[in-house]
Amino acid sequence: MDGLLSDTIGAISTAVGNAGISIIRLSGPEAFSVAAKIFRGKGNFYEYPSHTIHYGKIIDPDKNDVIDEVLISKMAAPRTYTCEDTVEINCHGGYVTASRILDLLYRNGIRPAEPGEFTKRAFLNGRVDLTQAEAVMDLIGSRTEKSSKVAVSQLEGRLSDRINKLRHQLVEMLASIEVNLDYPEYDFEEVTADNCIQNISLVYNELKNLIEGFQYGKILREGMEVAIIGKPNAGKSSLLNRLSGKNRAIVTEIPGTTRDILEEYVNILGMPIKLIDTAGLRATENEVEKIGVSKAIEVMDSSDLILFILDADSGFEQEDADILEKIEKYHEKTIYVVNKTDKKDEDKLNEIKERIPEVLEISVLEDSGINILEKEIYQYVNKSNFDTDNQLLVTNARHKKHLQQTLADLEKALDGIKAGMTMDVVSIDIKSAAENLGYITGHQVSEEIVTNIFERFCIGK
Amino acid sequence: MAQDYNKQNTYDVIVIGAGHAGCEAALAAARMGAETAIFSINLDSVANMPCNPNIGGTAKGHLVREIDALGGEMGKCADKTLIQSRMLNTAKGPAVFSLRAQIDRRSYQREMKHTLELQESLDLIQAEIIEILTKDNKIIGVRSHLGTVYKTKAVILTTGTYLNARIIIGDVVHSGGPDGLLPANRLSESLKELGFELMRFKTGTPARINRRSIDFSKMEVQQGDNPIIPFSFEHETIDREQVPCYLTYTTEQTHRIIRENLHRSPLYGGAIEGIGARYCPSIEDKIVRFADKERHQVFVEPMGLDTEEYYLQGFSTSMPEDVQIEMIRSLPGLENARVMRYAYAIEYDCINPYDLKLSLEYKNIEGLFTAGQINGSSGYEEAAAQGLIAGINAVLKIKDKQPLILDRSEAYIGVLIDDLVTKGTDEPYRMMTSRAEYRLHLRQDNADVRLTPKGYKIGLIKEDRYEKFLMKQKSISKEIERLKSKTVPPSEKVNNFLKKYESSQIGTGIKLYDLLKRPEITYEALKEIDSEIPDLPRSFAEQVSVSIKYEGYIAKQLQQITHFKKMEQKMIPEDIDYNQIPGLRIEARQKLSRQRPSSVGQASRISGVSPADISVLLIYLSAKWKRGGKQ
Ligand SMILES: Cc1cc2nc3c(=O)[nH]c(=O)nc-3n(C[C@H](O)[C@H](O)[C@H](O)COP(=O)(O)OP(=O)(O)OC[C@H]3O[C@@H](n4cnc5c(N)ncnc54)[C@H](O)[C@@H]3O)c2cc1C
Ligand SMILES: Nc1nc2c(ncn2[C@@H]2O[C@H](COP(=O)(O)OP(=O)(O)OP(=O)(O)O)[C@@H](O)[C@H]2O)c(=O)[nH]1
Ligand SMILES: [Mg+2]
C-alpha cells in the first residue's frame, strides 16, 4: 500500500525533561519486529499475548551493548490508540538513555514521529473524532499537570456536552421561529421579541464565560508568555538563563548582544511559562539590531506578561524613559524589575525608584530577589481566579474562534431584534450561531431544525 | 407483438406521465427544440391536482417563481386560473414572503393540457408505458401497453403516485390511482430490472364536501389579497373577482370519536406499510401525537368556480367511511355535511433518489431521467421544479452539453434536488424555507435576477422577455443609486414625517437610502417627502426596497455563499476508488462509493460521512492534485 500509514513511527511520548521515566512509543506495521530485535526478556517477544507488559533489557544488537533495563508493553492492532500495532518502552534512565534508545530505533527503520502524529493516525484510522483529536493534541502539548487535567476533561466530552446543550437551546428557539415562518396558516404561538432576547442572552452569557476561560486555558496549555524587555545590557539574557537553569542565551558586557528573540520553556512553581528574551531596546543604526528591536516591540504586545528590566548600575536613563513610554499601555501586565542591585549605588537605585516606586529589586549575580520575582509571576497568572477543577476551559484556538463567531452572531441577532428587524433575518444570525457551535462538535443544524419542528409542532393537512 | 419502428414513433425525448413534473419536462424539452412525446394513462387527468386545490405557499411559492424565472409554465398557468391569492408572511420578512393561490382545478388542467396541445414539436399521447428499453446501459425506447415501441434518446419518468398504487379507506384496500384513475401496475417491474431500488411511500387526502351542506356562518372567513400579486414575472397585474376560504376547528367531540375508533384506522392497525410524511400526518396521527392540543385547524377551500366541492385541509384520514362522516359532522359548520368524496390514503412505488445524479439522470442508465413524486418528493411545485430541470437536462444530454445544475446558493430548486439526491429521503419530501441555508438570497422577488439569465442561455427565455428583464434590472439599480445620492434636510416637513412613522428625528441631512434602512420607513412612504420617486411597477419597487433594507444581511449571506462555493468547486474525479483511501471509515466508504458525489461539498452533506472523513478525503485529494498538478 502506498498509503499515508505504511511506515512505523516512534517518539518519546512523555514530555521531555520531566522526571524519572520516559516512555517511547512505536506504532505501525514494523513495531513488533523492531521491538523483537532490540528487546531481550523472558521468552520470545513475538509470542507475548497482546496487551501485556514485560520486563527485560534493550540491547544494541550491533554492539551487543545493554542500553537500559525497561518495561515493554505489546499491544496488537486494532485495540490500540492508533489502531495499529503498538509497543511502549518504559525506560528509567532519563532523557539521555531515552534518546539513545530512540536513536537505536531510528537506525532500525523507525521514522521519527511528527508532533501529534500518533493522534493523527488515530484520527485517520477512525479511532477518535475531531474534538477528541484536538484535545489529545492539546494533551500531548500540555506541559504541566494542571493543563493535562483540562485536556482530559475536554477529551471526556465535557466541553462537547456543554456546547451541545447550548446549541440545542438555539435549535429549539429556531424551530419555534421557523415553524411560524414555514407554516403561517397555523395558529402556533408566535415567538415574541422579548422571549427571543431572553433566550439568546442566556446562551450568550454562558458562551462568554467559556471564552473568558480561554486565555487562562491557553496559559495552562501553552504556558504563559513572559517577555523580558529592557535597554541593552540590563541583564535580560542573564535573567533568562537564571530562570531556566540553562545557559541558553549569550551573555556579554557588550550592549546589544541579543539581536533576535529567544524563547525558552521554564517551569515556575508548577506553571509552564514561555520566557522570551528580546533585543535591548534602543535607537540603533545597525540593521540587524533594528529588526530585533521591532520584534521586541511586537512581543510586548502579544505576551501575557512583561518583565521590564532596569539596570541599577546605570540608573534611570533616557532609554529607560523611552521604554517606559512604550509600555505604558501595558501597565496592567508589567512587572518592573531592577537588576544588578549588588552594585549598591544608592543614588542610581533611588533615581529609578523615584520614577518607578513599585520596582522589584533583584540581582542575578548574587541570586537575590529571584524567588520573589518567581512568586510575582505565579501570582499574576493566578490573579484571574479560575478554579480549574470545576471551570470548563476552552483551550483550543479553533474552538475559541467558533465561540467568538457565535458570540458575534448572537450580538447581531440581538441588535436585529432590538432594531425591529423581521424574524426571517434575525433567524439567519441565530442559525449561524448554532452552526458555529456545530462546527465545534461536528453537527449539522438545518436537518435538526426540521426534525425539531416536526417533533414539537402539529402540522399537516 | 406489434413493433413499430417507423419514423412516426421516433422522438428525441419521451416523457412518461403528464402530471406537474411531466408537463414542465415536456414543454421545456420541446421548447428547446427536441422532438418530444408525453404519455399519460389518461389524457383527461393531465396536470391533475389530486389533493389541495392550491399552488404556492411557503417555499413552494418560491419554487413557482423560480420555475417561471427559468421559463417554465406553472406560474403562468396558475395566474390564469387562480380564484384567490394571498401573499403569506408579509409581517415576517422578505425571505419568507410567500405567494399562495387557490386554483380552479379543472381550469388549470384544461389550460395546461391546451398548452401542451399547442406546443410545437410536442405530441401528447394517451397510453400506459410498461417497459423502458435500453441497450448497453443506454436508453433506446419505451413500450406501451398496446405493444407499440417508441424509439428515443432520452426518457423522463414522471409517474407520480401511480406505480403499483393502492387506495386505502379504513379496512377497504384496492388497487387504484388517485381520483379513481387507473394505476400503473406494470412499469415497476421494468424499473427493477434496470436496477432501481424501489421504495413504498404513502400519502393521503381529506374528504370533499358539497357546499350546499356547509354552514359558513359558523366559520371564520379568509379573503384574498387586493391587488392580486401574480406568480409569473411576465404578468404585472391580475384583475379578477376572488372567492373566500373558510376556517373551522376540531372539537372535543371530534377528538373523542377519533380516539374511540383508532383501532379501525389502518395506520394504527398495520394495513398501511408505506412511509408517510411527518409534515402531513392524518388527523388521527395529530390527535395521538399531540394529545394535549385542544383543537386543530381545518380549512375549508373551494375546488373551483363551476363545482360545489369543498376541500377540508387539515383533515386527512384513512378511517373507514362511517367514522369519517361522524368526524366531519363534529366540526362547527359541517353538522349536516354531505360528503362527495371520502378521504383516502394512497401507497405507491417510488425510486430512491440516491441513485440519481444532480442532473436527475439515473446513474446506471444513460439518458434516463426521473422527476417528481417518483423521486420521493411530494407536492405539485416540487414535482414541476424537478420536471423542468429534467426536461432541460435531457435535451442538454442529447446535445452533448453540460447539464444545468443549480446549487444550494442559487435556488430552492437547487436545495430540493441536492437534498433528494445527496441525502436521500425516507418520507415524501416537502420543500420548506428552513431547508435553505441562504434564504435571504433565495427570495421570491429576485428569482428572476437569480435564474432568468440561465433560462435565457438555455433558450427557454425568449429575447423580448430577456430585454425586459435587463431593463428592469437597470431601472432598479438606477433607483438605488438615486436613493444613495439624495439627501433630505432636517426640515420640519421631514421631521413631521418621521414622527408620523414613529421614527427618530434628524438634526442633520440624511440620505434617503439611510432612511429606507429604518425598519419603520417603507419605500412607499418615502413618496411623502420625496417628489422625485419614480412610479415604478410593484415588483421593481419591491426589489429596490428589499435590497436596501436588508443590505447588511444580504451581504453576509453572499459572503457565506462564497465560502460554500469553495467546497462545491473542489471536484472529485469520477473514477475515484474510495476503497483505496486509507483512513476513511467503512460507513463513509460505502456511502461515498454508492453516492459518488461530484464535489467535496456534496460529499460533506451525505449522512454517515463525518467531518473527519471529509478531512481524510481532502488530504487524499490534495496529495493527488499535487501529484497530478491540477485540481
Ligand atoms: C391522495 C394524494 C394526496 C396528496 N396530497 C398532497 C398534499 O397534500 N400536498 C402536496 O403538496 N402534494 C400532495 N400530493 C402529491 C401531489 O399530488 C404530487 O406530488 C404531484 O402531483 C406529483 O406530480 P408528478 O408530476 O410527480 O405526478 P402526478 O401528478 O401524480 O402525475 C403522474 C402522471 O403520470 C402518469 N403515469 C403514471 N404512470 C404512467 C405510465 N406507466 N405510463 C403513462 N403515464 C403514466 C399519470 O397518468 C399522471 O399523468 C398528493 C397526492 C395524492 C395522490
Ligand atoms: N553586577 C551584575 N552584573 C550583571 C548582573 N546581571 C547581568 N550582569 C552583567 O551584565 C552584562 C549584560 O548582561 P546580559 O544578560 O547580556 O544583558 P542583556 O540585557 O541581555 O543585553 P543585550 O542582549 O545586549 O540587550 C553581562 O556582562 C552580565 O554578566 C547582575 O545582577 N549584577
Ligand atoms: Mg541579551
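Given the structure is predicted, the values throughout are model-derived calculations rather than measurements. Letters A, B, ... are given to chains in the order of the sequence lines, protein chains preceding strands, and every chain is numbered from 1.
- In this structure, B:Ile554 CD1 and A:Ile428 CD1 are separated by 8.5 Å, a value rounded to the nearest 0.5 Å.
- If you measure heavy-atom distances from B:Tyr249 to chain A, the contacts under 4.5 Å come from the side chain alone.
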* Asked: Checking side-chain contact (heavy atoms from CB on, under 4.5 Å) for the pair B:Thr433/A:Glu178: CA distance, chi angles, key distance, verdict?
  -> CA-CA 8 Å; B:Thr433 69; A:Glu178 296 291 324; 4.2 Å; yes
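- For the pair A:Val425 and B:Tyr550, the tightest heavy-atom approach, listed with the atom from each and the gap, is CG1-CD2, 3.4 Å.
- B:Asn89 contributes atom CG, which lies 12.5 Å from atom CE of A:Met423 (distance to the nearest 0.5 angstrom).
- Closest approach of B:Pro519 and A:Ala419 over heavy atoms only: CG-O, 2.9 Å.
- Counting heavy atoms from C-beta on, the side chains of B:Lys556 and A:Lys412 come closer than 4.5 Å.
- With a 4.5 angstrom heavy-atom cutoff, B:Glu520 does not touch chain A via any of its atoms.
- Distance check: B:Arg439 CZ to A:Lys431 NZ gives 6.5 Å after rounding to the nearest 0.5 Å.
- Between chain B and the options A:Pro184, A:Ser427, A:Gly420, the largest number of non-hydrogen pairs under 4.5 Å is found for A:Pro184.
- No side-chain heavy atom of A:Asp424 sits under 4.5 Å from any side-chain heavy atom of B:Phe97.
- Contact detail for A:Thr422 and B:Pro94: the closest heavy-atom pair is OG1-CD, 4.0 Å.
- For B:Gln560, the part sitting under 4.5 Å from any heavy atom of chain A is the side chain, from C-beta outward, and nothing else.
- The CG atom of A:Asp182 lies 8.0 Å from the OG atom of B:Ser98; values are rounded to the nearest 0.5 Å.
- In this structure, no portion of B:Tyr438 lies under 4.5 Å from any heavy atom of chain A.
- Proximity to chain B involves both the backbone and the side chain of A:Leu181, based on heavy atoms less than 4.5 angstrom apart.
- Of the two parts of B:Ala588, neither the backbone nor the side chain holds a non-hydrogen atom closer than 4.5 Å to a non-hydrogen atom of chain A.
- Of all the heavy atoms in B:Phe299 and A:Glu185, the pair that sits closest is CZ-O, 3.2 Å.
- Ranked by non-hydrogen atom pairs under 4.5 Å with chain A, the options B:Val96, B:Asn52, B:Thr317 are led by B:Val96.
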